[in-house]
Enquirer: 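For reference, the structure I am asking about is given below.
Treat the numbers as computed from the prediction; the structure is a model and nothing was measured. These numbers come from the heavy atoms of this one structure, side chains and all, not from hydrogens, waters or symmetry mates.
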Amino acid sequence: MAGYKRARQGRALFRASVAIASIVAGTAAHADEAADAPDSITVTGQRLSTVAAIEEKKKADNVIDIISADNLGKLPDANVADALARIPGLSVIVNQDTGEGEYVAIRGLSGTYNAVYINGVRVAQTDPGSRDVSLTVLPPNGLASIRVTKTLTPDQDGDGIGGSIDFRTPTAFDFQNDLTLRAYGAAGFNQQAKDAGEAAGTYQGQLDFGKRFADGRFGVFISANYGMNHGNGQETENDGEWEPYRWRKDSQEAIDQSNMHLPGIDLDYRRLQQKRYGGNVSFDYHGDHTQLYLRGQYSHQEQRGTNDVTDYRSRKTARLSQVNIDDTTLVQPDKAVIGTGAKGRIYSYTTSQIVDADGDGVITDADRNSSQYWSLNGRSGVWNPQAFQFARNFSTIDQNQTLYTIDLGGHTDAGRLQLDYDASYSGGSRATPESYSISYNCDKCTFPLNAQGLDWVSADPRFPHVDLTGPAANVEHDSSLLPFDGLNVSRDRQKDSRIAFRFDARYNFEGSVLDYVKVGAKFLQSKRQYDYYPGYGGDLSGTPLDGLNLKQSGLVQKEVMSVLGGQYYYGDVFNRGKVVAAINAAMKANGFTDSGLPDLTQRKRGTERVYAAYALAHFHFDALQVIAGTRFERRETHNVGWSDDSAGSGFIATDRGYNVLLPSVTAIWRPDDKNVVRAAIWTGYSPPEYGFIAASQSVSRNSKGEVVGISRGNPDLKAARALNLDLSLETYPDATSIVSAGVYYKRISNFIFTGGNEVNANTSVGTVVIDQPQNGQRATIYGVELNIIKGLQGITPPFDGFGIEGNITVQKSSAETGLAYRAGKPIRFVNTPHLIYNAALTYQKYGVEAKLSYNYRGKYIESLRDNAVDKWVQPNRSLDFHSRYNFNKHFALDFDVGNILGGWKYYTTKGDNPSYQKDYMEPGRTFLFRASYVY
C-alpha cells in the first residue's frame with residue numbers, strides 16, 4: 001500500500017511537471033510574440049536592484065538563484081540565513097535560543113550536504129558537531145550578493161549534494177561612479193522584550209567607501225558594519241520524551257502513539273543581547289591582460305544572554321519487576337496490597353510473577369528494583385508517576401563566533417589561453433566563554449511535595465498546563481520551598497583553520513563545435529580542534545549563601561507574572577550579576593583555581609586534506625550548449641580523540657582516505673534571448689564529519705557519577721554519494737521579470753545520520769543514551785520549483801506601481817535508515833520539508849517603495865528518536881513588511897516590521913502529532929527604522 005501511495009505521488013508530481021512546462025512554454029511563446037515590440041519600461045528603485053540578479057541567472061550555465069545587495073536590506077532579516085529563506089527551495093533551521101535562522105537547507109539537504117563560500121573561498125566551519133556553517137555570524141550588511149548554485153559542474157567542489165552558497169562582497173568596479181560613499185543607520189526594538197520590561201533596542205550602522213583611480217586600473221573598496229539587538233525568548237518545552245501509556249521494554253520496540261503521556265515541561269525565559277560587527281576590503285587591479293585582487297572579510301558575533309528555566313517534572317521511582325515481562329494479566333500494585341510490615345507494603349503477587357529481589361520469598365516494597373514511570377516493570381505496567389520535582393534553574397548562554405577570509409588571486413588572458421589562480425585562508429572559531437549555571441530544586445525538600453505525579457491538561461497542545469494539588473499547589477509562588485541543588489562553571493572552544501590553492505586553465509577554440517576545454521586543480525587543508533574546559537562543580541559552602549533557600553539567597557531579580565501571551569505564570573528570575581558573584585565567591589572560598597587546562601577526555605583534533613583535479617569540455621550546437629567532464633577528489637583525514645572504554649583510556653588516532661570520481665553533463669538551450677532551458681545529470685558526495693570517523697569514545701556522567709550518555713565515533717562510516725537530475729525552464733519577459741519552473745531528482749546512498757538510542761541501565765533515571773553516527777541505506781528526494789517575479793507596469797496608474805513575487809517548492813523524500821527495527825518503514829529525509837513557498841506584493845511609485853512578504857516552511861523531521869517516534873518541526877509562517885521613501889537619489893528612509901503575526905519561530909513535536917508538544921518558542925515582533933545616504 002505504501003509503495004502504491006508513493007507511486008501515485010510520483011505520477012501526480014510528473015503530471016504537475018508537465019503542466020508547469022506547458023505553462024512556461026506558453027509564457028515563452030507569448031514573450032516571443034511581443035519580442036519585436038519596443039521596450040518602454042523604465043527601471044528604477046527597487047526594481048533596478050533585481051535586474052543584475054536576473055541577468056546573472058539568465059546567463060548562468062548552472063541552475064542558480066541570486067539575492068542582490070539591495071534586496072538584502074529590503075526586509076528586517078537579522079542575518080543572512082533568514083534572507084536566504086526567500087529563495088526557491090531553501091529552508092532555514094532556526095536557533096532555538098534566538099529564534100533566528102542559523103543553518104540553511106537546499107532542497108531539504110541541510111548544511112552538511114552543501115558547500116559555503118565567501119568570494120569563492122571555502123569558509124571555516126565553526127559547528128563542533130557537523131560540517132554545517134553557522135550563518136548567525138553573518139549580518140545581511142556589506143554584501144554585493146548571495147549566489148545559490150543548485151547544480152554543479154566539474155570545476156566546482158564536489159562535496160555539495162544540495163549545492164553551494166557563495167557570499168560575494170563588493171569591489172570598486174561594481175559601481176558606475178569612480179567614487180562611491182554610502183552610509184546606513186537603523187534603530188528599532190523587539191516588542192516582546194519591551195513588553196516584558198527587558199532591554200529591547202536594535203541598532204545598526206554601515207559605512208562603505210569605494211574608489212577607482214589611475215585611469216580606472218586600480219580600485220579599493222572598504223566596508224564596515226556594526227549592529228546590536230536585544231530579544232526576549234519565551235518557550236515551553238517538554239522535559240523528557242513523551243511515553244506510551246503501556247510500559248515499553250526498550251528504545252526500539254513499536255509503541256502505541258495514540259496514547260502518549262508527558263513526563264514534564266520546562267518554561268524558558270531568555271534575555272538576549274547580540275552584537276555583530278565586521279567588514280570587508282577589496283583591492284583590485286585591472287590591466288590589459290591581467291586582473292589581480294586581494295580581498296578580505298571579517299565577521300564577529302557576541303551573544304550575551306541568560307536562560308531561566310522553571311522545571312516541572314515527574315520523576316521515576318522504584319517499581320516491582322515482572323518475572324515474565326510479557327505477561328499482561330497482573331493486577332495493578334495498589335490492587336494487590338494485602339498488608340504492611342517491616343519492609344513496607346506486602347503484595348499478593350507470587351515469586352513466579354514478581355522478581356523477589358531480596359530473596360525472602362515474599363513480595364514487598366523491598367523488592368522494588370527498577371526505576372520507572374509505570375506501575376510495574378513489565379507489560380502489565382501502566383502510566384503511573386508517583387513523584388515529581390519543581391526546580392528553578394539559571395544559566396548564561398554566552399557565545400562568541402568569528403569568521404574571516406583572505407584571498408589573493410587573479411586572472412590572465414594570454415590569447416586563447418585563460419588562467420585563473422588564487423591562494424586563500426579562512427579561519428573561524430566558536431567559543432562559549434565562562435558559562436555559569438545554578439539550580440534550586442525541591443527534590444531535596446523535607447516535606448512530602450513529591451508524593452504525587454504530575455497530571456497535564458492542554459486546551460491548546462502548544463501549552464500543556466500542570467495540575468498541582470495539595471502541598472504542591474504553592475510551590476510555583478514560594479521560593480522558600482526550593483533549597484540549593486548545584487552549580488557549574490565551564491567553557492569550550494571550537495576552531496577551524498583552512499588554506500587552499502586553486503589553479504584553472506581554459507583554452508578557447510575557434511571555428512569548431514568545441515568552444516573550449518578547461519582543466520584545473522585544487523588543494524585544501526583544514527585543521528579543526530575542540531576543547532572543553534571544566535570549571536568549578538562544587539557548592540556554596542564557605543559563603544553567606546551556604547544552606548539558604550532561593551528566597552533567602554538574594555539571587556532573585558524579579559517576579560515575572562506571565563509569559564507566552566498570558567498562558568503561564570512564570571515566577572522568579574535570577575539576577576545574572578549576583579549569580580556570577582556568588583559562584584565566584586564559592587570558588588574562592590573553596591580554594592578552586594582554574595588550571596586553564598582542557599579536559600583531555602573531551603579533546604578532539606582533526607586534519608583533512610583534499611586533492612582535486614578536473615577536466616571539462618564546452619560544446620555548442622547553434623542554440624544548444626553542452627558541458628561534459630569529470631572531477632576527481634582524494635580526501636584524507638587524520639583524527640585524534642580520547643577513548644574511554646573497558647579496554648582502557650587514552651588518545652586514539654584514526655586515519656581514513658578515499659577517492660571519488662564525479663562525472664557530469666550539463667546542457668543549456670537558448671532558443672532566443674528571452675528563454676533558457678537547462679538540464680543536468682551530475683554526481684556529488686558528502687564526507688562524514690571529521691569526528692564521526694574517529695575511533696574515540698566519550699562518556700558523560702551526572703552529578704552522582706552515573707554514566708548517562710556514551711558518544712562513539714564510527715571509523716567504518718562511508719561518504720554519502722548522490723546521483724542528481726535537474727531540468728529547468730525559464731522565460732524573461734523583460735529585464736525585471738522572470739517566470740521559471742524546475743524539476744529535480746536526487747538519489748542518495750550511504751547518507752549519514754545520528755540518533756541517540758536509549759538503553760535500560762541501573763542509574764537514577766534508569767537509562768543511558770548511546771549516540772553513534774551511522775550510514776543509512778538510501779534516500780530519494782524529488783520535487784518541483786516554481787518562481788515568478790513580475791512588475792505590473794503598463795496597467796492604469798497608480799496600480800502600475802505594483803509587482804508580484806512568488807515561489808513554491810513541492811518535494812517528496814523517502815529514506816531507509818537500515819536500522820533493523822525501522823526496516824520497511826521509510827522516513828522522510830531529515831530536515832526536508834515537503835512544502836516551501838514565498839509570496840510578496842511590491843509597490844514602487846512616487847518615490848515610495850514597499851514590500852509585504854510571506855514565508856511558509858512546511859513540517860520536517862529534525863532528528864530520529866526512540867521507538868521510531870521522531871522529533872518533528874511543525875510548519876512555520878512569517879509575515880514581514882518593508883517600506884522606503886526616497887527623498888531624492890541620495891537619501892532615503894525605511895520602516896520595517898518583522899514577524900508581524902507574532903507567532904512561533906520554533907515549534908516541535910514528538911512524532912507528527914501536534915498534541916505531543918516538545919518545544920514551542922516565540923521571539924516577538926521587531927520594528928526597525930533605517931536611513932541611508934548614497935553618493
Enquirer: Looking at D398 and T432, what are the two nearest heavy atoms and their distance?
Expert: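 Taking every non-hydrogen atom into account, O-CG2, 3.6 Å.
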
Enquirer: Please answer whether the main-chain N or O of Q874 pairs with a side-chain N or O of R857 as donor and acceptor at a distance below 3.5 Å.
Expert: yes

Enquirer: Pair L84, V92 - check side-chain contact (heavy atoms from CB on, under 4.5 Å), show working.
Expert: CA-CA 8 Å; L84 283 164; V92 167; 5.6 Å; no

Enquirer: Indicate yes or no for a side-chain donor-acceptor contact from E302 to the backbone of Q399 under 3.5 Å, with no hydrogens or angles considered.
Expert: no

Enquirer: Would you mind checking if R631 and D155 are paired as a salt bridge, meaning a charged N to carboxylate O distance below 4.0 Å?
Expert: no

Enquirer: Just do the ring-ring contact (aromatic ring centres under 6.0 Å, His included) check on F829 and F753 with the steps written out, would you?
Expert: CA-CA 10 Å; F829 200 64; F753 69 93; 9.8 Å; no

Enquirer: Taking all atoms of both residues into account, what is the closest heavy-atom pair of L901 and Y854, and its distance?
Expert: CD1-CE1, 4.3 Å

Enquirer: First locate atom OG1 of T180, then atom CZ of F175, and finally report the distance between them rounded to the nearest 0.5 Å.
Expert: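 Nearest 0.5 Å value for the OG1-CZ distance: 5.0 Å.
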
Enquirer: Go through it in stages, so that I can follow the logic: the residues are M921 and Y907, the test is side-chain contact (heavy atoms from CB on, under 4.5 Å), and I'd like the CA-CA distance, side-chain angles, deciding distance and then a yes or no.
Expert: CA-CA 6 Å; M921 184 268 190; Y907 177 22; over 6 Å; no

Enquirer: Hey, could you give me the CD1/CZ distance between I627 and R678, rounded to the nearest 0.5 Å?
Expert: 10.0 Å

Enquirer: Can K522 and E633 be counted as an ion pair, charged N to O under 4.0 angstrom?
Expert: no

Enquirer: Do S223 and D208 have side-chain atoms, one donor and one acceptor, less than 3.5 Å apart?
Expert: yes

Enquirer: CD1 of I900: more than 12 outside heavy atoms within 6.0 angstrom?
Expert: yes

Enquirer: Decide yes or no on side chain to side chain donor-acceptor pair (under 3.5 Å) for T151 and D726, but give the supporting numbers first.
Expert: CA-CA 7 Å; T151 62; D726 284 81; 5.9 Å; no

Enquirer: Rounded at 0.5 Å granularity, tell me how far CG in L852 sits from CG in L879.
Expert: 5.0 Å

Enquirer: Can R86 and D65 be said to form a salt bridge (charged side-chain N to carboxylate O under 4.0 Å, His left out), step by step?
Expert: CA-CA 10 Å; R86 307 182 194 281; D65 286 289; over 6 Å; no

Enquirer: Over 60° means perpendicular and under 30° means parallel, so tell me whether Y425 and Y404 are parallel, tilted or perpendicular.
Expert: tilted

Enquirer: With a 3.5 Å distance limit and no angle check, can you tell me whether H834 reaches the backbone of K812 through a side-chain donor-acceptor pair?
Expert: no

Enquirer: Is K851 paired with E805 through a side-chain N to carboxylate O contact shorter than 4.0 Å?
Expert: yes

Enquirer: Could K58 and Y732 be counted as a cation-pi pair, given that NZ or CZ must be under 6.0 Å from the ring centre and within 45° of the axis?
Expert: yes

Enquirer: I'd like to know if the side chain of K275 reaches the main chain of Q301, judged simply by a donor and an acceptor atom lying under 3.5 Å from each other, with no hydrogens or angles considered.
Expert: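 No, because the side chain of K275 does not come within donor-acceptor range (under 3.5 Å) of the backbone of Q301.
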
Enquirer: Nearest 0.5 Å, please: how far is NZ in K150 from CG in L90?
Expert: 6.0 Å

Enquirer: Assess, by modelled atom type and distance only, whether the side chains of E862 and Y906 contain a donor and an acceptor separated by less than 3.5 Å.
Expert: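 Yes, Y906 and E862 have a side-chain donor paired with an acceptor closer than 3.5 Å.
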
Enquirer: Got more than 12 heavy atoms from elsewhere within 6.0 Å of CZ, R747?
Expert: no

Enquirer: Run the numbers on R270 and D97 for salt bridge (charged side-chain N to carboxylate O under 4.0 Å, His left out), then give the verdict.
Expert: CA-CA 7 Å; R270 299 188 182 98; D97 286 340; 3.1 Å; yes

Enquirer: In a check of salt bridge (Lys or Arg N to Asp or Glu O under 4.0 Å) between R122 and each of D496, D166, D159, which one passes?
Expert: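 Single salt bridge (Lys or Arg N to Asp or Glu O under 4.0 Å) partner of R122 among D496, D166, D159: D159.
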
Enquirer: Regarding S424 and D407, is there a side-chain donor-to-acceptor distance under 3.5 Å anywhere?
Expert: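 No, no side-chain donor-acceptor pair sits under 3.5 Å.
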
Enquirer: How would you list, by chain and number, every residue that makes a ring pair (Phe, Tyr, Trp, His ring centres under 6.0 Å) with W682, sequence neighbours excluded?
Expert: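 With neighbours one apart ignored, the set is empty.
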
Enquirer: Indicate yes or no for a side-chain donor-acceptor contact from N807 to the backbone of E785 under 3.5 Å, with no hydrogens or angles considered.
Expert: no

Enquirer: So is R884 actually on top of F895's ring, under 6.0 Å and inside 45° of the axis?
Expert: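 Pair R884/F895 does not count as cation-pi.
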
Enquirer: Given side chains that start at C-beta, do those of V104 and I93 come closer than 4.5 Å, heavy atoms only?
Expert: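 The answer is no, as the side chains (C-beta and beyond) never meet within the 4.5 Å cut-off.
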
Enquirer: What verdict does the salt bridge (charged side-chain N to carboxylate O under 4.0 Å, His left out) test give for E730 and K59, after you've listed the backbone C-alpha separation in whole Å, the side-chain angles of each residue and the deciding distance to 0.1 Å?
Expert: CA-CA 11 Å; E730 302 163 6; K59 292 180 178 179; over 6 Å; no

Enquirer: Quick check: does any side chain N or O of N190 sit under 3.5 Å from a backbone N or O of T926, one acting as donor and the other as acceptor?
Expert: no

Enquirer: Less than 4.0 Å between a side-chain N and a carboxylate O, is that true for E608 and R528?
Expert: no

Enquirer: Quick one: sort the F189 and F927 rings into parallel, tilted or perpendicular, breaks at 30° and 60°.
Expert: parallel

Enquirer: The test is ring-ring contact (aromatic ring centres under 6.0 Å, His included); show your working for F173 and F221 and say whether it passes.
Expert: CA-CA 9 Å; F173 292 92; F221 183 87; over 10 Å; no

Enquirer: Rounded to the nearest 0.5 Å, what's the gap from CD on Q125 to OG1 on T112? Could you check?
Expert: 7.5 Å

Enquirer: Evaluate the criterion side chain to side chain donor-acceptor pair (under 3.5 Å) for residue pair Q401 and T136; output intermediate values, then yes/no.
Expert: CA-CA 9 Å; Q401 280 200 88; T136 59; 2.8 Å; yes

Enquirer: Without swapping roles, check the side chain of T202 against the backbone of N229 for a donor-acceptor pair under 3.5 Å.
Expert: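 No; zero donor-acceptor contacts below 3.5 Å.
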
Enquirer: Could you walk me through whether Q297 and N280 pass the side chain to side chain donor-acceptor pair (under 3.5 Å) test, one step at a time?
Expert: CA-CA 4 Å; Q297 168 275 332; N280 53 74; over 6 Å; no

Enquirer: Taking all non-hydrogen atoms of both residues into account, name the closest pair between N232 and Q192 and its distance.
Expert: O-NE2, 2.6 Å

Enquirer: Hey, mind stepping through T402 and N400 against side chain to side chain donor-acceptor pair (under 3.5 Å) and telling me if it holds?
Expert: CA-CA 7 Å; T402 302; N400 298 331; over 6 Å; no

Enquirer: Taking only residues two or more places apart in sequence or in another chain, which ones pass salt bridge (charged side-chain N to carboxylate O under 4.0 Å, His left out) with R502?
Expert: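 For R502, the residues satisfying salt bridge (charged side-chain N to carboxylate O under 4.0 Å, His left out) (neighbours in sequence not counted) are D422, D504.
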
Enquirer: Just by modelled atom types, is the A115 backbone N or O under 3.5 Å from a matching donor or acceptor in the R131 side chain?
Expert: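 Side chain of R131 to backbone of A115, a donor-acceptor pair under 3.5 Å: no, none is there.
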
Enquirer: Short question: side chain of N119, backbone of V121 - any donor-acceptor pair under 3.5 Å?
Expert: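 Absent.
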
Enquirer: With no hydrogens and no angle check, just 3.5 Å: does a side-chain donor-acceptor pair link S878 and D880?
Expert: yes

Enquirer: Nearest heavy-atom pair of S426 and A124: which atoms, and what distance?
Expert: OG-N, 2.9 Å

Enquirer: Ignoring hydrogens and angles, state whether a donor on the side chain of N62 or Q156 is under 3.5 Å from an acceptor on the partner side chain.
Expert: yes

Enquirer: I'd like to know if K905 pairs up with E100 as an ion pair, taking the criterion as any Lys NZ or Arg NE/NH1/NH2 lying under 4.0 Å from an Asp or Glu carboxylate oxygen.
Expert: no

Enquirer: Drop me the distance from R276's CZ to Q303's CD, to the nearest 0.5 angstrom.
Expert: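 Separation between the atoms: 9.0 Å.
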
Enquirer: Determine whether D870 and R828 satisfy the following criterion, salt bridge (charged side-chain N to carboxylate O under 4.0 Å, His left out), listing intermediate values before the conclusion.
Expert: CA-CA 10 Å; D870 300 320; R828 286 193 184 189; over 6 Å; no

Enquirer: Please answer whether the main-chain N or O of A186 pairs with a side-chain N or O of R930 as donor and acceptor at a distance below 3.5 Å.
Expert: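 Not at all, since once roles are kept as given, no pair shorter than 3.5 Å links the two residues.
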
